[in-house]
Amino acid sequence: MKKIIVGNWKLNLDHLQGIQLLQKINYSLDKDIEEKIDIVLAPSHTSLRSLQTVISTDNLKIKISSQDVSSQNDGAFTGEVSAFQLKKLNIDYSIIGHSERRSLFNENNKIVEEKFRCLESNNIMQVLCIGESLEEMESGKTLDVLNEQIASVLKNKTLKKALIAYEPIWAIGTGKTPTPIQVNQINQYIKDVVQSTTANNYLPKVLYGGSVNSENAAAFFSCENIDGALVGGASLDGKHFAEIVNEFNRIK
Ligand code: 13P
């Protein structure tokens with residue numbers, strides 16, 4: 001089964017810097033990468049078009065994701081970008097429900113569910129982020145939180161495509177991570193819940209995100225239930241990000 005590695009650039013880089021980083025990543029990748037791994041980059045909206053043009057002109061084996069999408073399809077929603085507009089740019093993926101959107105922009109599960117549906121109707125792969133806070137983890141609520149985040153978005157849906165990214169909030173940008181064994185168990189739990197929650201018993205790929213780097217990547221990637229990674233800070237360095245992808249490629 002093909003693995004997926006997503007680089008989330010967050011609010012960094014203009015479109016020219018984005019092109020440079022894309023080219024640096026591409027240059028540093030193992031040559032046989034595409035048989036085993038889908039590489040996806042999520043720049044700011046302002047870079048989507050430029051990166052997509054470089055990828056199609058140079059025939060690069062890299063895909064582009066939006067970092068977010070509107071929960072509305074069209075109309076008087078100043079500042080929003082719709083799934084339909086993304087599709088017109090040949091964008092294949094969109095992150096939704098990232099903890100930074102949930103905590104800084106008050107996005108609740110209902111909004112995330114609406115975004116999920118907008119992407120579905122435009123045939124864009126959802127990268128649905130879920131994860132518990134430090135407080136929730138310390139009070140033993142991790143599985144309840146994940147259950148609620150999954151059920152409120154996916155309950156009774158018939159899924160065709162959708163990825164889940166397990167990102168414990170306390171591991172994002174902190175240098176702290178759960179152990180690979182813990183992530184492996186939680187990802188198994190997520191797969192079970194998604195299967196029992198969806199109308200068609202959909203078995204998703206589940207990525208891990210939170211302080212992934214080239215030193216810890218191999219340990220995560222050798223776990224059975226970790227189907228890839230969502231990488232933040234380390235994806236802003238082309239060589240470093242390519243090393244993470246190459247680590248994955250070299251796992252037997
Ligand atoms: P870091 O890799 O910087 O911890 O960020 C993870 C993340 O939020 C990816 O979406």
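Order of appearance sets the numbers: ligands from 1, and atoms from 1 within every ligand.
Annotation: K36, atom NZ; neighbour count of heavy atoms from other residues, nucleotides and ligands within 6.0 Å is above 12.
Using a 4.5 Å heavy-atom cutoff, the side chains of K3 and I226 are not in contact. Residues P204 and I164 have side chains in contact (heavy-atom distance under 4.5 Å, counting atoms from C-beta outward). Contact of the I130 side chain with the L128 side chain is registered, since non-hydrogen atoms from C-beta on lie closer than 4.5 Å.
Hydrophobic cluster of L163: the remaining members, joined at side-chain heavy-atom separations below 4.5 Å, are I4, V6, V40, Y93, I95, M125, V127, L207, L230, listed by chain and number.
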Which pairs of nitrogen or oxygen atoms, taken one from ligand 1 and one from the protein, are under 3.5 angstrom apart?
| unit_1 | atom_1 | unit_2 | atom_2 | d |
| --- | --- | --- | --- | --- |
| ligand 1 | 2 (O) | G232 | N | 2.9 |
| ligand 1 | 3 (O) | G233 | N | 2.8 |
| ligand 1 | 4 (O) | G173 | N | 2.7 |
| ligand 1 | 4 (O) | S211 | N | 2.8 |
| ligand 1 | 5 (O) | K10 | NZ | 3.4 |
| ligand 1 | 8 (O) | K10 | NZ | 2.8 |
| ligand 1 | 8 (O) | H98 | NE2 | 2.9 |
| ligand 1 | 10 (O) | N8 | ND2 | 3.0 |
| ligand 1 | 10 (O) | H98 | NE2 | 2.9 |
| ligand 1 | 10 (O) | E167 | OE1 | 3.3 |
| ligand 1 | 10 (O) | E167 | OE2 | 3.1 |

Steps toward side-chain hydrogen bond (donor to acceptor under 3.5 Å, both in side chains) verdict (H15, T46): CA-CA 6 Å; H15 70 289; T46 49; over 6 Å; no

